[in-house]
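Here is the structure we will look at, set down as structure tokens.
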Amino acid sequence: MTREPLLPLLARGSVVLAAGAHDALSAKLAERAGFDAVWASGFGISAVQAVPDANILTLTETLEAVRRIVDAVRIPVVADCDNGYGNAINVMRTVGEFERAGAAGVCIEDNDFPKRCSFYAGVRRDLVAVDEHARKIEAATAARRNPAFAVIARTEALIAGLGVEEALGRARAYAAAGADAVLVHSKARDFGELAAFAAVWDGRVPLVAVPTTYPGVTAVELSKAGFRMAIFANQALRAAIVAMRDTLGEIRRSGRAATVEDRIAPLEDVYALVGVPELEANEQRFLFAGSEPPRAVILAAGFEPQLMPLIQDRPKTMLEVKGRTILERQVAALHTCGVRDITVVRGYRKEQVAAAGVRLVDNDRFRETGELYSLLRARDALGGPFLFLYGDIIFEPAILARLLASRADVAVVVDRAFHDAYRAGLAPAGGPFDLVVTETPPNGRRFVAPEGGSRVLRIGPDVAPEQAHGEFIGMAMFSADGAAALLRVHDELAGGRAEGLERASMTHILQALIDRGQPVTAVDIHQGWMEIDSFDDYRRAWAEVAR
């Protein structure tokens with residue numbers, strides 16, 4: 001995100017107006033209100049952690065808060081770094097960390113450690129020696145990588161009651177040490193004390209004011225006096241406290257939220273501030289081909305005799321791998337990618353199939369029918385965009401995310417690693433495999449698929465391994481048009497009483513679509529999944545799958 005640096009703003013004629021922010025949301029509000037810059041307030045960042053502004057928060061805690069503020073806005077962010085978190089050497093690290101975090105500058109004050117908020121009454125307040133703080137400022141300017149990164153020196157001489165002459169002496173020393181601006185803090189009730197300071201300031205670097213205790217001063221008056229930046233450091237935080245206290249008190253008194261609805265922000269305002277419109281746009285771009293997430297159908301009806309007695313009392317999809325069943329892992333991956341309308345087609349040992357939040361459909365003819373028949377048991381879920389996956393595969397959620405990002409009407413996930421393994425003599429045992437031939441042959445592990453994916457020419461167990469460009473992993477997605485095409489071809493074949501249709505696999509119907517001119521697109525991956533089809537597969541899953 002490109003941000004305007006602070007120093008050019010300080011060089012312009014008018015006063016730079018900065019609003020104090022205590023978190024990313026308040027920074028966004030400051031930006032939308034039209035402020036020139038954000039002051040990442042140490043007072044405010046401490047307050048929202050419910051601790052005093054007294055060096056209780058560490059550098060790391062403040063840095064994380066500033067990083068979130070920086071990420072939220074485009075205008076410059078100045079970080080209130082108290083006394084630099086130590087001596088001159090500590091200051092050098094402080095500058096490096098905040099510069100890397102994206103801040104436009106830092107402000108370092110001459111309070112001793114631990115500092116005390118400028119306005120706390122009755123607490124001990126000591127300042128470091130002038131030359132010590134000057135060395136901190138010199139170290140800060142030496143540590144910055146970008147000369148546009150602003151180093152603001154702050155003196156608390158007026159706060160400590162040391163008078164204008166002491167404040168002038170400190171400000172001049174800090175300017176001579178390389179400070180880009182000097183913040184002169186005051187707790188006077190009017191602007192007179194600062195006006196007197198500015199009247200004798202030599203103008204070597206710009207002056208910064210924080211009109212907290214003298215709120216009546218205007219930006220025009222500050223500008224005429226010679227100040228180039230005004231920081232409204234804590235007004236937003238204090239306003240938020242009043243609003244929250246009054247709102248919560250009213251709800252507690254009345255016992256219902258309706259009594260405050262006319263004085264709180266509509267939810268739509270919150271959505272706009274936190275980026276919900278951008279979230280929706282990104283979901284449509286990267287997760288779903290349409291405006292709504294597709295439904296999912298998990299095909300988990302089959303019986304695999306080679307896995308007996310492992311599946312004596314449960315179907316394969318309910319086999320546990322490190323504390324979670326295969327089905328639970330699949331449902332969790334779907335949820336992670338925003339797919340929540342899930343139908344599971346069960347058959348063998350159907351009473352054992354269970355997962356929270358899924359719809360169950362039965363294929364009681366599982367011994368004599370194939371995957372396509374199981375899919376059609378869930379025909380109600382096929383009336384729009386949908387995806388299907390075999391109930392015996394474990395996969396990285398990133399694979400599912402890539403599939404969901406496809407714009408194809410029919411997309412199938414193809415593992416190109418099969419091609420490499422076969423040519424290296426390392427093809428997996430077993431089979432037959434659902435293999436794929438595409439119009440774009442791979443050329444090793446550095447294969448880069450064409451934008452939009454490769455068109456599938458052939459798919460299924462009839463593809464010879466030496467001809468295959470990859471392996472279909474048992475996961476595919478259909479747009480609304482793709483789903484309509486699948487149902488149309490199925491009904492056409494069923495009406496013609498195609499021999500063996502009830503026993504057809506999913507690759508049979510995919511090949512039928514291809515043969516009728518329907519484009520089927522490969523979503524290419526390289527490993528990241530496994531199928532549980534044997535005892536060896538199951539042992540490998542326990543050995544390799546992370547919890």
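Values below: every heavy atom of this structure, side chains too, minus hydrogens, waters and symmetry copies. The first residue of the sequence shown is numbered 1, and numbering continues consecutively from there.
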Between [X] and [Y], which heavy-atom pair has the shortest distance, and what is it?
{"X": "Ala21", "Y": "Ile69", "answer": "O-CD1, 4.0 Å"}
{"X": "His490", "Y": "Leu372", "answer": "CD2-CD2, 3.9 Å"}
{"X": "Val70", "Y": "Ala101", "answer": "CG1-O, 3.5 Å"}
{"X": "Pro461", "Y": "Pro432", "answer": "CB-CB, 4.1 Å"}
{"X": "Val414", "Y": "Gly470", "answer": "CG1-CA, 3.7 Å"}
{"X": "Leu400", "Y": "Ala333", "answer": "CD2-O, 3.6 Å"}

Is there side-chain contact between [X] and [Y], with heavy atoms separated by less than 4.5 Å?
{"X": "Glu99", "Y": "Arg145", "result": "yes"}
{"X": "Glu531", "Y": "Ile473", "result": "no"}
{"X": "Leu237", "Y": "Val48", "result": "yes"}
{"X": "Val73", "Y": "Phe35", "result": "no"}
{"X": "Met475", "Y": "Gln330", "result": "no"}
{"X": "Arg68", "Y": "Asp71", "result": "no"}
{"X": "Val321", "Y": "Ile394", "result": "yes"}
{"X": "Glu351", "Y": "Arg349", "result": "yes"}

* Is the number of heavy atoms from other residues, nucleotides or ligands within 6.0 Å of CZ (Arg252) greater than 12? -> no

* Could you name each residue pair satisfying ring-ring contact (aromatic ring centres under 6.0 Å, His included) that touches residues 302-347, not counting sequence neighbours? => Phe303-Tyr348

Please round to the nearest 0.5 Å and tell me the distance separating atom [atom1] of [X] and atom [atom2] of [Y].
{"X": "Thr369", "Y": "Arg503", "atom1": "OG1", "atom2": "CZ", "value": "8.0 Å"}
{"X": "Leu389", "Y": "Trp529", "atom1": "CG", "atom2": "CH2", "value": "12.0 Å"}
{"X": "Asp491", "Y": "Leu486", "atom1": "CG", "atom2": "CG", "value": "9.0 Å"}
{"X": "Arg329", "Y": "Leu319", "atom1": "CZ", "atom2": "CG", "value": "12.0 Å"}
{"X": "Lys316", "Y": "Ile393", "atom1": "NZ", "atom2": "CD1", "value": "10.5 Å"}
{"X": "Arg100", "Y": "Leu63", "atom1": "CZ", "atom2": "CG", "value": "9.0 Å"}

Under the salt bridge (Lys or Arg N to Asp or Glu O under 4.0 Å) test, which residues partner [X], sequence neighbours left out?
{"X": "Glu268", "answer": "none"}
{"X": "Glu439", "answer": "none"}
{"X": "Asp536", "answer": "Arg539"}
{"X": "Arg93", "answer": "Glu97"}

Name all residues meeting the side-chain hydrogen bond (donor to acceptor under 3.5 Å, both in side chains) criterion together with [X]; count only those two or more places apart in sequence or in a different chain, and write none if there are none.
{"X": "Arg67", "value": "Glu64"}
{"X": "Glu371", "value": "Tyr390"}
{"X": "His508", "value": "Ser505"}
{"X": "Arg365", "value": "Glu368, Tyr373, Glu502"}

Please confirm whether the backbone N or O of [Y] pairs with a side-chain atom of [X], one donor and one acceptor, at under 3.5 Å?
{"X": "Asn146", "Y": "Ala148", "result": "yes"}
{"X": "Thr317", "Y": "Gly391", "result": "yes"}
{"X": "Gln306", "Y": "Asp533", "result": "yes"}
{"X": "Ser26", "Y": "Asp23", "result": "yes"}
{"X": "Asp415", "Y": "Gln527", "result": "yes"}
{"X": "Arg253", "Y": "Gly249", "result": "no"}

* Residue pairs, two or more places apart or on separate chains, that pass side chain to side chain donor-acceptor pair (under 3.5 Å) and touch residues 36-46 -> Arg12-Asp36

* **Ser454 and Thr438 side chains, donor-acceptor separation under 3.5 Å** => no

* Asked: ring-ring contact (aromatic ring centres under 6.0 Å, His included) with Phe98: which residues, sequence neighbours excluded?
  -> none

* Structure fact -> With sequence neighbours left out, the residues meeting ring-ring contact (aromatic ring centres under 6.0 Å, His included) with Tyr271 are none

* Kindly determine whether Val523 and Met477 satisfy side-chain contact (heavy atoms from CB on, under 4.5 Å), including the steps that lead there. => CA-CA 10 Å; Val523 173; Met477 186 173 69; over 6 Å; no

* Asked: Is the shortest side-chain N to carboxylate O distance from Arg402 to Asp524 below 4.0 Å?
  -> no

* **Pair Arg295 + Asp380, salt bridge at N-O below 4.0 Å** => no

* Decide side-chain contact (heavy atoms from CB on, under 4.5 Å) for Val520 and Ile459; before the verdict, give the C-alpha distance in whole Å, the side-chain angles of both, and the deciding distance to 0.1 Å. => CA-CA 10 Å; Val520 174; Ile459 185 168; 5.9 Å; no

* Assess whether side-chain contact (heavy atoms from CB on, under 4.5 Å) is satisfied between Val38 and Ile75, documenting all intermediate values. => CA-CA 7 Å; Val38 166; Ile75 57 179; 3.6 Å; yes

* To do: Go through Leu360 and Lys350 one step at a time and tell me if the side-chain contact (heavy atoms from CB on, under 4.5 Å) criterion holds.
  => CA-CA 9 Å; Leu360 299 173; Lys350 66 181 184 181; over 6 Å; no

